[in-house]
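Every chain is numbered from 1, with letters handed out A, B, ... down the list of sequences.
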Number of protein chains: 2
Amino acid sequence: MPPELIAVLIAVSDDRPMVLTLEGGRLLPSGPLEAGHRSLQTGLRLWVEHQTGHALGHVEQLYTFADAPVDGGPDERRVMISYLALTRTRRGERGWRGWYDYFPWEDQTAPEGRALVQRIARLLDDWAGRAPSAAGQEARRQRVALTFGLDGLGWDDELVLQRYELLWEAALVPESAPPGAPVLPGLSMACDERRVLATAMARLRAKIRYRPVIYELMPDSFTLLHLQRTVEAVAGQPMHKQNFRRLVAQQDLIEETGEVAPDTRGRPARLFRFRREVIGARRIAGSKLPLARPI
Amino acid sequence: MPPELIAVLIAVSDDRPMVLTLEGGRLLPSGPLEAGHRSLQTGLRLWVEHQTGHALGHVEQLYTFADAPVDGGPDERRVMISYLALTRTRRGERGWRGWYDYFPWEDQTAPEGRALVQRIARLLDDWAGRAPSAAGQEARRQRVALTFGLDGLGWDDELVLQRYELLWEAALVPESAPPGAPVLPGLSMACDERRVLATAMARLRAKIRYRPVIYELMPDSFTLLHLQRTVEAVAGQPMHKQNFRRLVAQQDLIEETGEVAPDTRGRPARLFRFRREVIGARRIAGSKLPLARPI
DNA sequence: GACCTTTATGCTCATGTTGAGCATAATCTA
DNA sequence: TAGATTATGCTCAACATGAGCATAAAGGTC
């Protein structure tokens, strides 16, 4: 059984991060590595284009997963080489699903997301209490607090995978819960593919901080608020508007188009475009994400 | 042909970073993923222990590589899932080689390393001049300057892989040079394994900045200068002593043992130990690496 | 014993970065 | 005309970072 190539294709539309899926959102585009593929990445591109018709832009390898082998089962296991790809949605394309449909607790810009974390905190506290030893309970509580930013520790948007794995261990997601048991809201995926999705989210959130990949998700021209909303959508956290602009301005990665955004509500905003030429011309850091206090 | 598991095992001894190799330094420990392996990591651990007798501590996945398929060759290609592992050397163990024996230009703490970069800069300028078009020459020069920190751009210690790939393209390393052509100093490895080694170095250099992994490479107790020399050995760059201590102190990750280092030259230094308990108890950043001007 | 070399350690200072928020400008709508 | 709404400019305090001065505590040399 050859390794499989699997893609998490991300776009942001209407300030919502989206993932390209198959089979009603249960699967990610994927296919086996074949002898004819010139490289892993070309193999991936061929499969995704074949299955979804969508060409890939910026692509980077994420992680290689392997199923646990089944006792007495076939002598084969599924090895998945996963990739993160960034792109823009195109009108009328099907299969795009909201990121936060799979991980509702990851959206900390919305009050619902924050409320859900409060609920999760209570459920995980129960779970911690069910640890066999007192030391085990303490260790679990500490882990919960750290992973979900409780006790004033502060939410870390990059801990996507750690949070999912914690919920998995606590049997609060359908992938691990006994049949019929109550589970958290959020779509699940076939096999372990939600784990791949979590890995992609975590990587993207980390990456926008130190590389200007956010522009891969932007249209040709955009306002600063649009850019901010896109970053907020990805990071799942609100930002401080003025500081965000200051940071973006001093990076010197974008330039005014000279035009102004049509049909806005307040004062019209200037339009900007990404200066493609700076890629490779300078050493570029992403943006430090000037966070705002979650009101 | 099942995927292969391949390990870059790193330790620092006598302020020199070392890699565990086989076959006189030509190979890294590796072996095929087998049905009996419970996970990728357990498979890796088994192979490394079997081949080298060394048990693995901190392990993390690096990258999955695939050879280019050979035209008309076997229908099979080598897929390598690579790992970085950190450990300490043990007396009398064989197979340890210096990192910088493979990448002499990466050691920017030593004058020889800096001189070598000057030589490389000249060779790569020639290479850039051999590009077909004027625009191509300019693009090559820009890439060289950025990758090797020329023209006042500053050396970026994390660009290990980019530098190696540039030298590969310019046919300055034995892996890509035509037979008999002059090549740069530095040991090479079988297949593309030096590329795996470069990836590991790059990852480790990046990681010590934001996670306290450096302590995986330290003995139980150490002086602050010893810690600094270890970081410098990994980063390949000199640090500012006082600022280094300030940073380490404010991280609060280590504590005094109460003892003092034996047989030192100047004023005796206090010994410290890593506070293992903080792992998991706090959100921990590595160290920002207070660089010193290369004299 | 005085003095030099060497490493350890404490402290200051200028500069840059970051979080927070006030104030004003330019639109549209009621 | 008075909000409402978004854009944009600017200030301030707190903290982080790069650089380097000054002193302390050892051993070795004359």
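The stretch residues 264-274 of chain A participates, sequence neighbours left out, in these salt bridge (Lys or Arg N to Asp or Glu O under 4.0 Å) pairs: A:E255-A:R273, A:E256-A:R270. Annotation: salt bridge (Lys or Arg N to Asp or Glu O under 4.0 Å) contacts involving residues 11-20 of chain B, sequence neighbours excluded, comprise B:R16-B:D101.
With hydrogens and angles ignored, no donor-acceptor pair under 3.5 angstrom links the side chain of A:R246 to the base of D:dG9.
With sequence neighbours left out, B:A249 forms a side-chain contact (heavy atoms from CB on, under 4.5 Å) with no residue at all. Remark: A:T230 pairs with no residue by the side-chain hydrogen bond (donor to acceptor under 3.5 Å, both in side chains) rule, at least two apart or across chains. For A:Q162, the side-chain contact (heavy atoms from CB on, under 4.5 Å) test picks out A:T147, A:L159, with sequence neighbours left out.
Rounded to an integer number of Å, the gap from A:Q237 CD to C:dG19 C1' is 14 Å. If you measure from atom CG of B:L247 to atom P of D:dC15, you get 16 Å, rounded to the nearest angstrom. When the P atom of C:dC22 is taken as reference, atom CG of A:N243 falls 13 Å away, rounded to whole Å. Spacing between atom CZ of A:F244 and atom P of D:dG9 amounts to 15 Å, rounded to whole angstrom units. With rounding to whole Å, A:H240 atom NE2 is found 12 Å from D:dC12 atom C1'. Atom OH of A:Y210 and atom P of C:dT17 are 21 Å apart (whole Å).
The listed nucleotides are C:dA20, D:dT17, D:dA22; the one nearest the side chain of B:Q242 is D:dA22.
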Between the protein and nucleotides 6-8 of chain C, are there any N/O to N/O pairs under 3.5 Å, and if so, what are the atom names and distances?
{"unit_1": "C:dT7", "atom_1": "O2", "unit_2": "B:R267", "atom_2": "N", "d": "3.3"}
{"unit_1": "C:dA8", "atom_1": "OP2", "unit_2": "B:K241", "atom_2": "NZ", "d": "2.6"}

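Looking only at distances, a side-chain donor or acceptor of A:R205 sits under 3.5 Å from a matching main-chain atom of A:D157.
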